[in-house]
Chemist: 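Before I ask anything, here is the structure I am working with.
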2 protein chains.
Amino acid sequence: MHKTISIVEDNALFQQALVDVIRSDRAFALGEVYGSAEAAMDMLKNPPDIAIVDINLPGKSGIELIAQLQANAAIQCLVCSLHDDDDHIMRALESGAVGYILKDSTVGQISNALHELVKGGAPMSPYIANRVISFFRKPKIREESALLSVREREVLQLLAKGLQYKEIADQLFLSTETVKKHMKNIYQKLHVQNKVEAINKFRFM
Amino acid sequence: MHKTISIVEDNALFQQALVDVIRSDRAFALGEVYGSAEAAMDMLKNPPDIAIVDINLPGKSGIELIAQLQANAAIQCLVCSLHDDDDHIMRALESGAVGYILKDSTVGQISNALHELVKGGAPMSPYIANRVISFFRKPKIREESALLSVREREVLQLLAKGLQYKEIADQLFLSTETVKKHMKNIYQKLHVQNKVEAINKFRFM
DNA sequence: CATACCGTCGCAGGAAAGTGCGATTGAAAA
DNA sequence: TTTTCAATCGCACTTTCCTGCGACGGTATG
């Protein structure tokens, strides 16, 4: 329960601040401190429990680092970055980060984040959490989806799985002609010309 | 800055607990308290700033309620539920919830969540935050994507947008025959038989 | 140097998708 | 009751997709 925490951060001041946070908390042990992603790959030799990773590093980015660490060890990576744009957030989470805090966080907030992490949480700065949640929010194109009948949605559902007309027909006990008819109506209602476009629209409803 | 908070919760004990949390905090004003989603639709007449919504309600579910509230007012909905499965989490966030806490939260945690909400955050219980973040994590089927050449990925990219062979060919300055050839190779490498299946695999890489 | 692989292109033939036109039933709405 | 509309089915026709087979130049790998 004494968690080792390593740091990957090129800015000396911030590096020191993080070191202080960890040193001042007896629940944590300070691991290694690196100034670049390349150097940080060394942590695979003796993996810490947690790594605090900056994104903007000289050379290889923190996001790539996280992806590579994830592929080779079970290190919980907490992003600590200036970047608060959707693209960076997405890419960091995709590559396996389990938390994302901004650099304007107070010492107390960083400490809290680390404790949340060991509790199995996924600490995020308020703004980040809000962005993350907003990714899930469905755009209200419900008007369009409301246009589709229940049957049409069933067909579209199966279509999106990659089934072809014959297979859909069999599964729904229809003639393939009926499936074609449904598709024709769907295309009209969604203003599209083919399967793939219909599926793409369907994904957002 | 005096935020009104309404409650939608059928369990009397829990309802009271929430009321107490709000009453004991001078930053908040207690709005209405409802025992069902149907009754809670009344809050549209005089919308509170925040609504704490249970999912498991008699009759209409809290998720539907949130969706309908979102469509008609700017109420920040905080889910407070027993359910911690991915399906409920997803659906709640899709319908517009801005936070999701579990019922095993302490009074202090609930209070914190409310304060996070007004700060523009998206409060989540640690476990929930972890699940939410894990939705983003890319399954490491990178081996398969590595099989695809750069050109093949370009083609697949355009295909996923709904373009057809002719259009892809034009855009990449190729003959449609070449596009066909690429597709054939892609199908082989991904072990699929048609466009839609290829796109589906591609989305996870 | 040989082999392998990528990217380019072509043709033939069959399978699937998409369009146009039309039809029947049944249920719901006007 | 008439109208409307979802759901079902059919046929003819065009377009697109998919497969199989083959080809050529370039690059990299051995």
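Heavy-atom basis, side chains included; hydrogens, waters and symmetry copies ignored. Chain letters run A, B, ... following the sequence lines, proteins first, then strands; residues in each count from 1.
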Chemist: B/S149 side chain N/O closer than 4.0 Å to the phosphate oxygens (OP1, OP2) of C/dC5?
Modeler: no
Chemist: Give a yes/no on whether any side-chain N or O of A/Y187 is located under 4.0 angstrom from OP1 or OP2 of C/dT19.
Modeler: no
Chemist: Does B/Y100 have its ring centroid less than 6.0 Å away from the ring centroid of B/Y127?
Modeler: no
Chemist: Between B/E152 and A/E177, which is nearer to the 5' end of DNA chain C once each is assigned its nearest nucleotide?
Modeler: B/E152
Chemist: Separation of B/R153 atom CZ from C/dC6 atom C1', in whole Å?
Modeler: 13 Å
Chemist: For residues B/D85 and B/H88, is any side-chain donor paired with an opposing acceptor at under 3.5 Å?
Modeler: yes
Chemist: Take atom CD of B/E197 and atom P of D/dC18, then tell me their distance rounded to the nearest Å.
Modeler: 10 Å
Chemist: Report which part of the nucleic acid A/N194 touches: base, sugar-phosphate, or nothing (heavy-atom distance under 4.0 Å, all strands).
Modeler: sugar-phosphate
Chemist: Measure from NZ on B/K181 to P on D/dT19 and round the result to the nearest Å.
Modeler: 12 Å
Chemist: Whole Å only: how far is the CE atom of B/M183 from the P atom of C/dT8?
Modeler: 14 Å
Chemist: By nearest nucleotide on DNA chain D, pick out whichever of A/V150 and B/L159 is the more 5' one.
Modeler: A/V150
Chemist: Report yes if a donor N or O on one partner sits less than 3.5 Å from an acceptor N or O on the other, where the partners are the side chain of B/Q164 and the base of D/dC17; otherwise report no.
Modeler: no
Chemist: Would you say the rings of A/H115 and A/F28 are close, in the sense that their centroids are separated by under 6.0 Å?
Modeler: yes
Chemist: A/Q188 has an atom CD; how far is it from atom C1' of C/dC21, in whole Å?
Modeler: 13 Å
Chemist: Check the pair A/D86, A/R131 against salt bridge (Lys or Arg N to Asp or Glu O under 4.0 Å), reporting the backbone distance first and the verdict last.
Modeler: CA-CA 7 Å; A/D86 288 2; A/R131 292 309 309 148; 2.6 Å; yes
Chemist: Between C/dG7, D/dT8, D/dA12, which nucleotide gets closest to the side-chain atoms of A/K180?
Modeler: D/dA12
Chemist: Is there, by distance only and without an angle test, a donor paired with an acceptor across the side chain of B/Q193 and the base of D/dC18 below 3.5 Å?
Modeler: no
Chemist: Ignoring backbone atoms, test whether A/T178 places a side-chain nitrogen or oxygen under 4.0 Å from the OP1 or OP2 oxygen of D/dC9.
Modeler: yes
Chemist: Quickly work out the B/K189 NZ to C/dC5 P distance and round it to whole Å.
Modeler: 10 Å
Chemist: Can you find an N or O donor on one side and an acceptor on the other, under 3.5 Å apart, linking the side chain of A/K195 with the base of C/dG18?
Modeler: no
Chemist: In whole angstrom, give the distance that lies between atom CD1 of B/I186 and atom C1' of C/dG7.
Modeler: 13 Å
Chemist: Respond yes when some side-chain nitrogen or oxygen of B/H182 is under 4.0 Å from OP1 or OP2 of C/dT8, and no when none is.
Modeler: yes
Chemist: Is there a donor in the side chain of B/E116 and an acceptor in the side chain of B/N112, or the other way round, less than 3.5 Å apart?
Modeler: no
Chemist: From the options D/dA12, C/dC9, D/dC9, select the nucleotide whose nearest atom is closest to the side chain of B/L174.
Modeler: C/dC9
Chemist: Can you check the B/L156 CG to D/dC17 C1' distance for me, whole Å?
Modeler: 15 Å
Chemist: Regarding C/dG20, can its base be found pairing with the side chain of A/K184 as donor and acceptor, where the two atoms are less than 3.5 Å apart?
Modeler: yes
Chemist: Taking A/E177 first and then A/K180, would you say they form a salt bridge - that is, a charged N and a carboxylate O separated by under 4.0 Å?
Modeler: yes
